[in-house]
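Written out below as structure tokens is the structure these notes cover.
Just so you know, ligand 1 is whichever comes first in the structure, and atom 1 is the first atom listed for that ligand. Owing to the predicted nature of the structure, the values given are computational and were not obtained by experimental measurement.
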Amino acid sequence: MIDLRSDTVTRPTPPMLAAMSAAEVGDDVWGDDPTVLRLQATLAERTGKEAGLFFPSGTQSNLAALMAHCARGDEYIVGQLAHTYKYEGGGAAVLGSIQPQPLENAADGSIPLEKIAAAIKPIDDHFARSRLLTLENTIGGKVLPAQYVTEATQLARERGLATHLDGARVFNAAVAAGKPVATLAEPFDSVSICFSKGLGAPVGSVLVGSRALIDVAHRWRKVLGGGMRQAGVLAAACLYALDHNVERLADDHANAAHLAAGLQTIEQVKMQSVATNMVFAQFPQQHCAPLEAWLKERGILTQMLYASRFVTHMDVSRGDIDTFIAAVKGYFAAR
Ligand SMILES: *Cc1c(COP(=O)(O)O)cnc(C)c1O
């Protein structure tokens, strides 16, 4: 199957599985799994932070970070489209007693500075305490403008807020921007990074930040059920991904551009955006379900909605994209 639904669908490759089976392990709840410790130290170093912490998922990593920054009755400022707000089951409110203050994202994924400034509440018993600004990079595949990130995090700091980056795909952003990941992480107090997306590992995220913040997050990880035992088996896949699958993200970005160029030649398709490894396009509503079924019969998995998203990753080749474009053309030609 050619699976364009998400970059989470990648399967571990034979050499990644070999690295996992060769991993030296211990009990990470006791803090003595050497492979987990190595992954955490490697990420801390790569991102220019003091410490790292391994999590089973990005959702849990983001939540533990929010809970480390914010206490009960505190508030975090976040985009309406942000994963931590929209796609994590409301965890910050449900499990963290943290009030979200969602704000409309601009088209480039940023949250306008004046909206952030206006949402920060004065210290007054009527209000939740504004404690944290959370941004996401990439967001909808888009790399946040560097100048914007500098200004937004500076504004937050001036007003006494901490800053967290949901950097699930921050390596995509770094490769696309041609900058070290440490440069993109630098303005933030904490960053959460996924290995189960374009980097191709089956499981895992790492949170990085100051030693003090990671110590608090470590306690919340245990509370949230994220303490794992011989987790070095999983951390080995992430270390393998760091060594082998970062630079190749550029191929996914080139393939996404190729996919977008192909869609642009089809008159029924309205292109919306292409950035890093994601393409968004609109299809006439009445064609979405039949086209999705047509593609599936031809071995191509998509999620055809009015605004459809196509994601490139290491298990999608340039030839696969040509197959996909030809199949979409074939569908419309047969109408
Ligand atoms: C995937 C993702 C996460 C975390 O998702 P998990 O499936 O819990 O690992 C967080 N933020 C963004 C932007 C994501 O794409």
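Between Phe324 and Phe310, the ring-plane angle classifies as tilted under the 30° and 60° cut-offs.
Considering backbone and side-chain atoms together, Arg169 places an N or O closer than 3.5 Å to an N or O of ligand 1. By the 3.5 Å distance cut-off applied to N or O atoms, Thr59 is counted among the residues near ligand 1. Between Gly58 and ligand 1, an N or O atom pair is found at a separation short of 3.5 Å. Close N/O approach between Asp166 and ligand 1 is found [any backbone or side-chain N/O within under 3.5 Å]. Distances between N or O atoms of Lys197 and those of ligand 1 include at least one value under 3.5 Å.
Screening Asn62, Thr134, Thr84 for a side-chain hydrogen bond (donor to acceptor under 3.5 Å, both in side chains) involving His164 leaves a single residue, Asn62.
A salt bridge is defined here as a Lys NZ or Arg NE, NH1 or NH2 lying under 4.0 Å from an Asp or Glu carboxylate O, and Asp215 with Arg211 meets this definition. Comment: Arg318 does not engage Asp322 in a salt bridge, judged by the lack of any side-chain N to carboxylate O separation of less than 4.0 angstrom.
Taking every non-hydrogen atom of Glu136 and a distance limit under 4.0 Å, the qualifying atoms of ligand 1 come out as 13 (C). Short contacts between ligand 1 and Ser57, defined as distances under 4.0 Å to a heavy atom of the residue, involve ligand atoms 8 (O), 9 (O).
With a 6.0 Å cutoff to the six-membered ring centre and a 45° limit on the axis angle, Arg335 counts as a cation-pi contact of Tyr331.
Every pair passing side-chain hydrogen bond (donor to acceptor under 3.5 Å, both in side chains) that includes a residue from residues 222-231 is listed here, sequence neighbours excluded: Asp27-Arg229.
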Output side-chain donor-acceptor pairs under 3.5 Å for residues 98-106, partner residues at least two apart or in another chain, one line each.
residue : atom : partner : partner atom : Å
Gln99   : NE2  : Glu75   : OE1          : 3.0
Gln101  : OE1  : Lys121  : NZ           : 3.1
Asn105  : OD1  : Gln80   : N            : 3.1
Asn105  : OD1  : Leu81   : N            : 2.8
Asn105  : ND2  : Gly109  : O            : 3.0

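Comparing His83, Glu88, Lys86 by heavy-atom distance to atom 12 (C) of ligand 1, the nearest is His83.
At a heavy-atom cutoff of 4.0 Å, ligand 1 is contacted by no atom of Thr84, backbone or side chain.
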